[in-house]
Amino acid sequence: MEWQKFEKLKYISNMKNDAKSAVILFHGFGADATDLYSLSQVYKLKQETDWFFPQGVLEVPIGPMMTGRAWFPLTQKDLEGLTKKEIYDGGVTPEDNKLVQMIARFINQIGKNYESVFIGGFSQGAILTSHCFYRLNFTPKGLVLFSGYLVNPSAMPVIPSALQVPFFQSHGSRDEVLPVGGARKLHDKLEALGLKGRWYEFSGGHEIPMAVIAESQSFLNSL
């Protein structure tokens, strides 16, 4: 596992020989690029696939003398808004500091080397994905959204997208970090943009259990 760099973005990867497909996954708030790396060793996909795991651009405190990484800041007001509302259009936004534009350039740089590219993430990484996939200069093969949420919908397109990208979305019915209602609103918003989604709700919290891995693996192998 070696760190690599694109502009101001660090990332790690798991590469195969002659892979024609790539998966790019963005971690959640307070984690780092290594958090989802093990997924590249668990999934059994029908074709050789390269995996990329970018590192959040912000350093955030997660406990006494402990820090993690994040994609955009979250204030206490933001956290309260996310847990109390099914749509949050407050100060929290992945548009800060031209983050989405940099992420889009990174994905475009990777995308030119593969026949198919899947993008996604967990929690804040899934939120970030929902705000960058339609800004790319190519059409992703699919989206994988683990425990995402509808955030800042006013920044998303107001007309149906011509992309029609399929997406997989999972969420725990007992998620207390990002309640399932906001995830359902994200699903509805993406379908309103012309995307076709596969929804998988499980009895659990803010996590990626093995059942979700199995369902998302089936989704990836179906495309």
Side-chain angles (χ1 to χ4, degrees), residues 20-26 28 45-47 49 52 54 71-72 82 85-90 92-96 98-172 175 178-202 208 212 215-223:
K20 293 181 171 57
S21 176
V23 175
I24 305 170
L25 292 181
F26 300 91
L45 302 183
K46 65 182 181 181
Q47 59 182 338
T49 301
F52 298 87
W71 298 104
F72 50 90
L82 288 168
K85 300 180 181 180
E86 291 187 352
I87 300 176
Y88 189 59
D89 212 3
V92 54
T93 169
E95 306 292 330
D96 289 345
K98 299 183 178 180
L99 170 65
V100 171
Q101 290 83 356
M102 182 179 68
I103 294 299
R105 289 194 297 272
F106 171 72
I107 298 173
N108 286 334
Q109 180 71 16
I110 291 175
K112 68 182 183 181
N113 299 314
Y114 298 93
E115 294 179 359
S116 59
V117 177
F118 300 89
I119 61 173
F122 173 73
S123 191
Q124 196 182 69
I127 295 170
L128 178 66
T129 299
S130 73
H131 279 268
C132 72
F133 78 92
Y134 53 85
R135 300 168 182 267
L136 304 175
N137 61 17
F138 70 97
T139 302
K141 188 77 171 181
L143 311 179
V144 183
L145 308 174
F146 302 118
S147 300
Y149 205 82
L150 181 58
V151 169
N152 209 28
S154 61
M156 299 174 76
V158 295
I159 58 175
S161 169
L163 293 178
Q164 297 183 349
V165 181
F167 69 98
F168 171 87
Q169 187 181 357
S170 66
H171 212 92
D175 192 331
L178 296 176
V180 69
R184 294 183 183 128
K185 292 293 185 182
L186 174 60
H187 183 275
D188 293 344
K189 176 66 174 180
L190 293 176
E191 289 208 323
L193 293 178
L195 283 68
K196 184 172 181 59
R198 182 187 296 187
W199 171 260
Y200 183 76
E201 186 172 327
F202 60 94
I208 308 176
V212 167
E215 290 291 326
S216 55
Q217 176 179 282
S218 173
F219 167 77
L220 292 171
N221 283 329
S222 71
L223 300 177

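- Among all heavy-atom pairs drawn from Gly148 and Ala126, the shortest one is CA-CB, 3.7 Å.
- Between the side chain of Asn221 and the main chain of Lys46, a donor-acceptor pair closer than 3.5 Å is present.
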Check: residues 137-147 side-chain donor-acceptor pairs under 3.5 Å, at least two apart:
none

Practice item. Go through the steps for Leu25 and Ile119 under the test side-chain contact (heavy atoms from CB on, under 4.5 Å), then give the verdict. Key: CA-CA 6 Å; Leu25 292 181; Ile119 61 173; over 6 Å; no
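- By the ring pair (Phe, Tyr, Trp, His ring centres under 6.0 Å) test, Phe52 pairs with no residue at all, sequence neighbours left out.
- Residue Leu193 comes nearest to Pro157 through the heavy atom pair CD2-O, 3.5 Å, listed as atom of the first residue, atom of the second, then distance.
- When all heavy atoms of Val180 and His171 are compared, the closest pair comes out as CA-CD2, 3.6 Å.
- For the pair Ser170 and Val212, the tightest heavy-atom approach, listed with the atom from each and the gap, is OG-CG1, 3.4 Å.
- Using a 30° and 60° split on the angle between ring planes, Trp199 and His187 fall in the perpendicular class, above 60°.
- One N or O on the side chain of Asp175 and one on the backbone of Leu178 form a donor-acceptor pair closer than 3.5 Å.
- The two residues Ala104 and Arg135 make their nearest non-hydrogen contact at CB-O, 4.3 Å.
- Distance check, rounded to the nearest 0.5 Å: CD of Gln169 to CD of Glu191 gives 9.0 Å.
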Point to revise | Pair Leu186-Ser130, side-chain contact (heavy atoms from CB on, under 4.5 Å): steps then yes or no | key: CA-CA 9 Å; Leu186 174 60; Ser130 73; 4.0 Å; yes
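- For Glu201, the salt bridge (charged side-chain N to carboxylate O under 4.0 Å, His left out) criterion is met by Arg184, not counting sequence neighbours.
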Check your understanding: Could you walk me through whether Phe72 and Gln124 pass the side-chain contact (heavy atoms from CB on, under 4.5 Å) check?
Key -> CA-CA 8 Å; Phe72 50 90; Gln124 196 182 69; 3.4 Å; yes
Review point. Does the side-chain contact (heavy atoms from CB on, under 4.5 Å) test come out yes or no for Thr49 and Tyr114, once each step is laid out?
Key: CA-CA 9 Å; Thr49 301; Tyr114 298 93; over 6 Å; no
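- With rounding to the nearest 0.5 Å, the separation of CG in Leu45 from OG in Ser21 is 7.0 Å.
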